[in-house]
Every structure is written in C-alpha cells, then in structure tokens.
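Here the structure comes first, spelled out in structure tokens, and everything after it is commentary.
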Amino acid sequence: MNNLEVLKRNFYARNSVEVAKELLGKLLVRELPEGRLIGKIVEVEAYRGSDDPASHAYRGKTPRNEVMFSKPGLAYIYFTYGMHYCLNVKAEKEGIPGAVLIRALEPLEGIKIMKKNRQTEKIKELTNGPAKLTKAMKITKELNGWDLTQGKKLFICKPVSEEKFEIVTTSRIGISAGAEKPWRFYIKGNPFVSCKGLVRKTA
DNA sequence: TGTGTGATAGTCT
DNA sequence: GACTATCACACAT
C-alpha cells in the first residue's frame, strides 16, 4: 500500500546472481497484527543448483528444498542449526533451482517491535544476520512458499527514493563446499552488514 | 578486537 | 550418525 511499488514476478525470473545484486537497497516489508516492519536489504548471497555445491538444491529436489524449484518470487524459508530460520527469495525461472539468501537488513520502520522480538535494545544487533532478521520480523517456516508478489504479509518493494551505493563482492559465509564462488554482495560502508568477509576484486 | 565453543533439531547418508 | 547457508557468550589479548 501507500506509495510502495511491489516487485513483480519478472524481477525474480532471472539469474540468481543478478537478482541478488539488484535486491540490495530494496525494502523488505512484514505486516504483523501489532504493526508494520520495514527493513532495507543491505546484504545478500546467491545460491544456484547443480553448478553450486553449497546450494541446498545441488543434489536435486527434496521435500525440504522444493520451493527452490518452484515459481520465482516465492519465499524459501528453512530451519538450520537446530534453532534458526533463514529467509531466501526464489529466483530463476520456474523449475530451475535458484535463490537469494537475505543476510542483513537496515531497520527503517517498526524498530520498537523488532526490539521486542529480539529482546535487545541495540539497533545494530536487530537484523545484522540471516537468523537475526527472521526473528526480528517473526518469519518462520509457516511462510515457506509464500508469494512475495502479493503485497501483503511479507513482500519486497522499491524504495521511495533510490539512493546510490557501492556494491562489495565477497565469498559466501558459513559454507564449506563452493566457498570460492564470489556470490555474496553487500552495500559498502553500511553498519548493518553482518561482517566484512573476504573481499573479491570487483570485475 | 578477536578466537573458541556449546546449544539444539531437522535433513540426508 | 554426521552435518548444518547461525548466534551468543566466554575468555584471552
């Protein structure tokens, strides 16, 4: 609603790496009974399929990762390390595996609610990590497969005013296989990025 | 300011 | 039975 323009399905129906880079600076919106939460996407990682050993989809389709093979623009939410949820956006065309992991947000609206969900007063700690932001926004596996193009509950839209920023490219965090691929991107200098990582040369 | 480690459960081998 | 797209806290420096 308001003047927010929700991203359409054709935005997502492209190469995961392209989608990842373009998601930087976009707004993630979460509507809850207690209020609306908005965060700017400042850090992402791209995951693909059979050419990406770090991807859940590397070894083919399973009940867990079936969203990665479904329609572009859906939310892929998985449970990991026994206690954490992570939010991904399905990219690539229907049937082709690919997703973008949202690793960090800059809180813009609903900060009071995020503090309550995260049980901390430190704004920098609210959403500077993939499992932190899902907790701050109450994103759980109930939203796995949610269509982000609907413009309600959980969606992504363009910022009101586009601002310029530099993109830093690094290798991905927390993986063993496929660690050499430079598929992590973040907004240079943004204090909400989870960590600096090994910076790759920008091609 | 940085490194190490325990928590905790779903998924796949 | 091993591994995990993590976090938070302890401890050393």
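A note on names: the letters A, B, ... follow the listed sequences, proteins ahead of strands, and every chain is numbered from 1.
Take the nearest nucleotide of DNA chain C for E125(A) and for S176(A): the residue whose nucleotide is more 5' is S176(A). Positionally, the nearest nucleotide of DNA chain B for H84(A) lies more toward the 5' end than for the other of H84(A) and K141(A).
Tested against E43(A) for a salt bridge (Lys or Arg N to Asp or Glu O under 4.0 Å), the candidates K21(A), R172(A), R103(A) yield a single pass: R103(A). Of the listed residues (L87(A), L143(A), L32(A), L105(A)), just one forms a side chain to side chain contact (heavy atoms under 4.5 Å, CB included) with M137(A), and that residue is L105(A).
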Map every base of DNA chain B to its dot-bracket character, where paired means a Watson-Crick or G-U wobble contact with both distances under 3.5 Å and | marks a partner outside the strand. |||||||.||||.
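Residues T149(A) and R9(A) have side chains that bring a donor and an acceptor to within less than 3.5 angstrom of each other.
The distance between atom OH of Y58(A) and atom C1' of dT4(C), rounded to the nearest whole Å, is 17 Å. One can place CG of L87(A) at 13 Å from P of dC7(C), the figure rounded to the nearest angstrom. The nearest whole Å value for the distance from the CG atom in N65(A) to the C1' atom in dG10(B) is 13 Å. Atom CZ of R64(A) and atom C1' of dA9(B) are 11 Å apart (whole Å). In this structure, CG of L133(A) is placed 12 Å from C1' of dA5(C), rounded to the nearest angstrom. With rounding to whole Å, H56(A) atom NE2 is found 5 Å from dA5(C) atom C1'. Note: OH (Y85(A)) to P (dT11(B)) measures 10 Å, nearest angstrom. Between the NZ atom of K61(A) and the C1' atom of dT11(B) there is a distance of 17 Å, given to the nearest Å.
Note on L101(A): a base of the nucleic acid sits closer than 4.0 angstrom, heavy atoms only. Heavy atoms of R172(A) sit nowhere under 4.0 angstrom from any nucleic acid atom. Residue-level contact check: A131(A) touches the backbone only, with heavy atoms under 4.0 Å from sugar-phosphate atoms and none from bases.
R118(A) has a side-chain polar atom (N or O) that falls below the 4.0 Å cut-off from OP1 or OP2 of dA8(C). Remark: K132(A) is in phosphate contact with dA8(C), judged by side-chain N or O atoms under 4.0 Å from OP1 or OP2. Taking 4.0 angstrom as the limit, T62(A) places none of its side-chain polar atoms (N or O) nearer than this to OP1 or OP2 of dT11(B). Contact between the side-chain N/O atoms of R103(A) and the OP1/OP2 oxygens of dT6(C) is found at a separation under 4.0 Å.
K132(A) and E125(A) are joined by a salt bridge, as a carboxylate oxygen and a charged side-chain nitrogen come within less than 4.0 angstrom of each other. Note on E34(A) versus K116(A): no salt bridge recorded, every NZ/NE/NH1/NH2 to OD/OE distance being 4.0 Å or above.
Of the candidates dA5(C), dT8(B), dT6(C), the closest approach to any side-chain atom of M83(A) belongs to dT8(B). Taking every side-chain heavy atom of P63(A) into account, dC12(B) is the closest of dC7(C), dT4(C), dC12(B).
Grouped with F69(A) in one hydrophobic cluster are Y47(A), V67(A), M68(A), L74(A), Y76(A), Y78(A), L101(A), I175(A), the linkage being side-chain heavy-atom contacts under 4.5 Å among Ile, Leu, Val, Met, Phe, Trp and Tyr residues.
The two residues T127(A) and E106(A) have their closest heavy-atom pair at OG1-N, 4.3 Å.
An aromatic stacking contact between Y78(A) and the base of dA5(C) is absent, as defined here by ring centres under 5.5 Å apart and ring planes under 30° from parallel.
Checked by distance alone, Y81(A) brings no side-chain donor or acceptor within 3.5 Å of a matching partner on the base of dA5(C).
Within 6.0 Å of NZ on K115(A) lie more than 12 heavy atoms contributed by other residues, nucleotides or ligands.
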